[in-house]
Protein chains: 2
Amino acid sequence: MNEQSANTPLSKGSKTKEKILKHSLKLFATKGYKATTVRDIAGSIGIKQSALYNHFKNKDEILETLISDLTSSAIVTLFANKDASELHKDGKSLLMGIATTFKLLSFDGQNEALFKLLMQEIFRNERIREIYNEHFYQENVKKLSGIFFAMMQEEIIKSSDPLLLANEFFSPLFFYQMQVSLLKLDKKSTSSVVSLFEKHVEYFWDNVRQEKTEGLFQ
Amino acid sequence: MNEQSANTPLSKGSKTKEKILKHSLKLFATKGYKATTVRDIAGSIGIKQSALYNHFKNKDEILETLISDLTSSAIVTLFANKDASELHKDGKSLLMGIATTFKLLSFDGQNEALFKLLMQEIFRNERIREIYNEHFYQENVKKLSGIFFAMMQEEIIKSSDPLLLANEFFSPLFFYQMQVSLLKLDKKSTSSVVSLFEKHVEYFWDNVRQEKTEGLFQ
DNA sequence: AGAACAAATGAACACTTGTTCATTTAAATA
DNA sequence: TATTTAAATGAACAAGTGTTCATTTGTTCT
């Protein structure tokens with residue numbers, strides 16, 4: 001009977017554990033990690049603070065769990081379900097897909113909170129920087145740079161520095177996502193920024209693609 | 001003699017006031033505003049905490065003063081000393097100047113700290129968002145967009161959406177500045193990012209400029 | 001030198017913080 | 001039903017927080 005804990009249904013306990021994570025994320029993203037108290041978290045769920053310690057060793061462990069969850073978050077797995085060897089054939093539609101994903105994620109509450117948490121803590125938390133670097137930068141920017149290289153070899157796009165191109169493609173998306181977050185905080189209209197996601201891809205693709213004809217009309 | 005305070009030399013008192021601001025900025029940028037205690041600040045200067053209150057009403061006022069100083073910081077006044085009506089004639093060299101300024105600011109300690117403080121607090125502090133919006137976004141992005149419009153009229157660059165162009169120009173610079181900050185935190189090499197500042201301008205200008213000849217060789 | 005004043009000190013305050021723990025409650029197991 | 005186990009509670013603690021204030025220090029002006 002020493003394996004009890006391995007096959008317990010976790011039916012009720014895990015519910016509050018999930019609640020703690022969900023509410024903590026929201027609070028951390030809004031007020032910041034340090035400014036959020038364990039009483040805030042417990043209060044927002046409707047339990048007493050001491051109950052938190054049945055699920056997490058301490059406040060830090062809540063943050064660490066959220067950070068670990070970052071590795072499986074959507075923004076970090078843009079290419080996860082795509083077949084790497086065929087990606088470069090898609091051309092513009094691949095890029096448009098990425099931009100649309102970015103745009104949609106800006107308006108997904110869970111992901112918006114993760115983004116804000118990331119932005120606020122990345123300068124203080126080395127672990128977050130590691131995850132950002134490994135999972136966002138390496139997995140997305142570096143991978144896209146490889147795709148661009150393949151596109152150049154097949155003469156789909158003009159040849160230039162693939163890593164520069166990948167940065168040029170991602171940085172506006174990142175910037176626009178941040179703009180949306182900031183505008184929403186003040187309940188301002190995001191429509192002008194939203195349209196930039198697609199405009200960026202159009203502009204970008206126009207610049208990199210191999211011109212098929214010599215005609216220069218728009 | 002009721003004007004004494006107006007013409008006092010401020011010789012000694014203002015020195016510690018400056019010290020408080022300088023050390024606070026460093027600490028806020030490193031640990032975050034909330035995690036920095038008044039004892040931290042006083043300790044880093046070498047005075048007792050109670051002495052702080054001779055210069056600032058409270059901890060919040062220190063942050064507010066730093067935020068107000070943002071309006072006169074370098075990143076926010078890129079065009080301040082330029083003559084607006086003639087800017088668009090400069091073309092590529094104007095853009096290269098801006099990129100170089102960004103690059104240099106990434107390595108200026110004072111400005112790096114301001115950037116980190118901005119990034120960490122902008123999601124929590126409406127005043128910072130206001131300043132960011134008015135002084136960075138309006139003053140730089142919107143202004144550059146006006147310059148691009150003028151360039152289009154004079155057929156220096158291809159005609160397209162000037163605001164999109166301004167965003168495309170600024171967002172990589174912003175992104176690279178953040179990358180440099182993050183790399184420096186972990187004492188990693190920044191050289192690969194540093195070269196992107198200039199590469200970006202070359203790439204950008206190549207894409208927007210009016211082609212003088214029909215020849216398409218690079 | 002003496003008066004006036006700004007700045008620094010030391011000690012204390014009221015309050016908030018994260019965390020612990022004995023106890024109660026409730027559910028699962030045997 | 002009785003037993004075991006997990007989860008929630010209430011109360012408390014020790015440490016850390018921002019801030020106040022009477023007092024001392026040191027400088028400036030007359």
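Because the structure is a prediction, the values reported are computed rather than measured. Reminder, nothing fancy here: chain letters follow the sequence lines and each chain counts from 1.
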statement: From NZ of K17(A) across to P of dA8(D) the rounded distance in Å is 12 Å
query: If only side-chain N and O atoms of T16(A) are considered, is one of them under 4.0 Å from the OP1 or OP2 phosphate oxygen of dA8(D)?
result: yes
field: salt bridge (Lys or Arg N to Asp or Glu O under 4.0 Å) partners of residues 33-62 of chain A, not counting sequence neighbours, each pair once
entry: K31(A)-D40(A)
field: Contacts of type salt bridge (Lys or Arg N to Asp or Glu O under 4.0 Å), residue K26(A), not counting sequence neighbours
entry: none
statement: Contacts satisfying salt bridge (Lys or Arg N to Asp or Glu O under 4.0 Å) that involve residues 63-75 of chain B (not counting sequence neighbours) are none
message: In this structure, how many angstroms lie between the C1' atom of dT9(C) and the CD1 atom of I45(B), rounded?
response: 15 Å
- prompt: Atom CG of L63(B) to atom C1' of dG18(D): distance rounded to whole Å?
  reply: 15 Å
- prompt: Counting heavy atoms not belonging to Y132(B), are there more than 12 under 6.0 Å from its OH?
  reply: yes
Do any N or O atoms of the protein come closer than 3.5 Å to N or O atoms of nucleotides 16-19 of chain C, and which pairs are they?
{"from": "dG18(C)", "atom 1": "OP1", "to": "T36(A)", "atom 2": "O", "distance (Å)": "3.4"}
{"from": "dG18(C)", "atom 1": "OP1", "to": "K59(A)", "atom 2": "NZ", "distance (Å)": "3.0"}
{"from": "dG18(C)", "atom 1": "OP2", "to": "V38(A)", "atom 2": "N", "distance (Å)": "3.0"}
{"from": "dG18(C)", "atom 1": "N7", "to": "R39(A)", "atom 2": "NH1", "distance (Å)": "3.0"}
{"from": "dG18(C)", "atom 1": "O6", "to": "R39(A)", "atom 2": "NH2", "distance (Å)": "3.1"}
{"from": "dT19(C)", "atom 1": "OP2", "to": "Y53(A)", "atom 2": "OH", "distance (Å)": "3.0"}
{"from": "dT19(C)", "atom 1": "OP2", "to": "K59(A)", "atom 2": "N", "distance (Å)": "2.9"}
{"from": "dT19(C)", "atom 1": "O4", "to": "Q49(A)", "atom 2": "OE1", "distance (Å)": "3.4"}

statement: Here the distance between atom C1' of dT20(D) and atom NZ of K48(B), to the nearest Å, is 18 Å
- prompt: Who passes side-chain contact (heavy atoms from CB on, under 4.5 Å) against S181(A), sequence neighbours left out?
  reply: E112(A), F115(A), K116(A), F123(B)
query: Atom CG of L52(A) to atom P of dT9(D): distance rounded to whole Å?
result: 10 Å
task: Using atom CG of L27(B) as one end and atom P of dT17(D) as the other, report the distance to the nearest whole Å.
output: 13 Å
task: Write down the distance between CG (N54(A)) and P (dT24(C)), rounded to a whole number of angstrom.
output: 17 Å
message: If the condition is side-chain hydrogen bond (donor to acceptor under 3.5 Å, both in side chains), which residues does E134(B) pass it with, not counting sequence neighbours?
response: none
query: Rounding to a whole Å, what distance do you find between H55(B):NE2 and dG18(D):P?
result: 18 Å
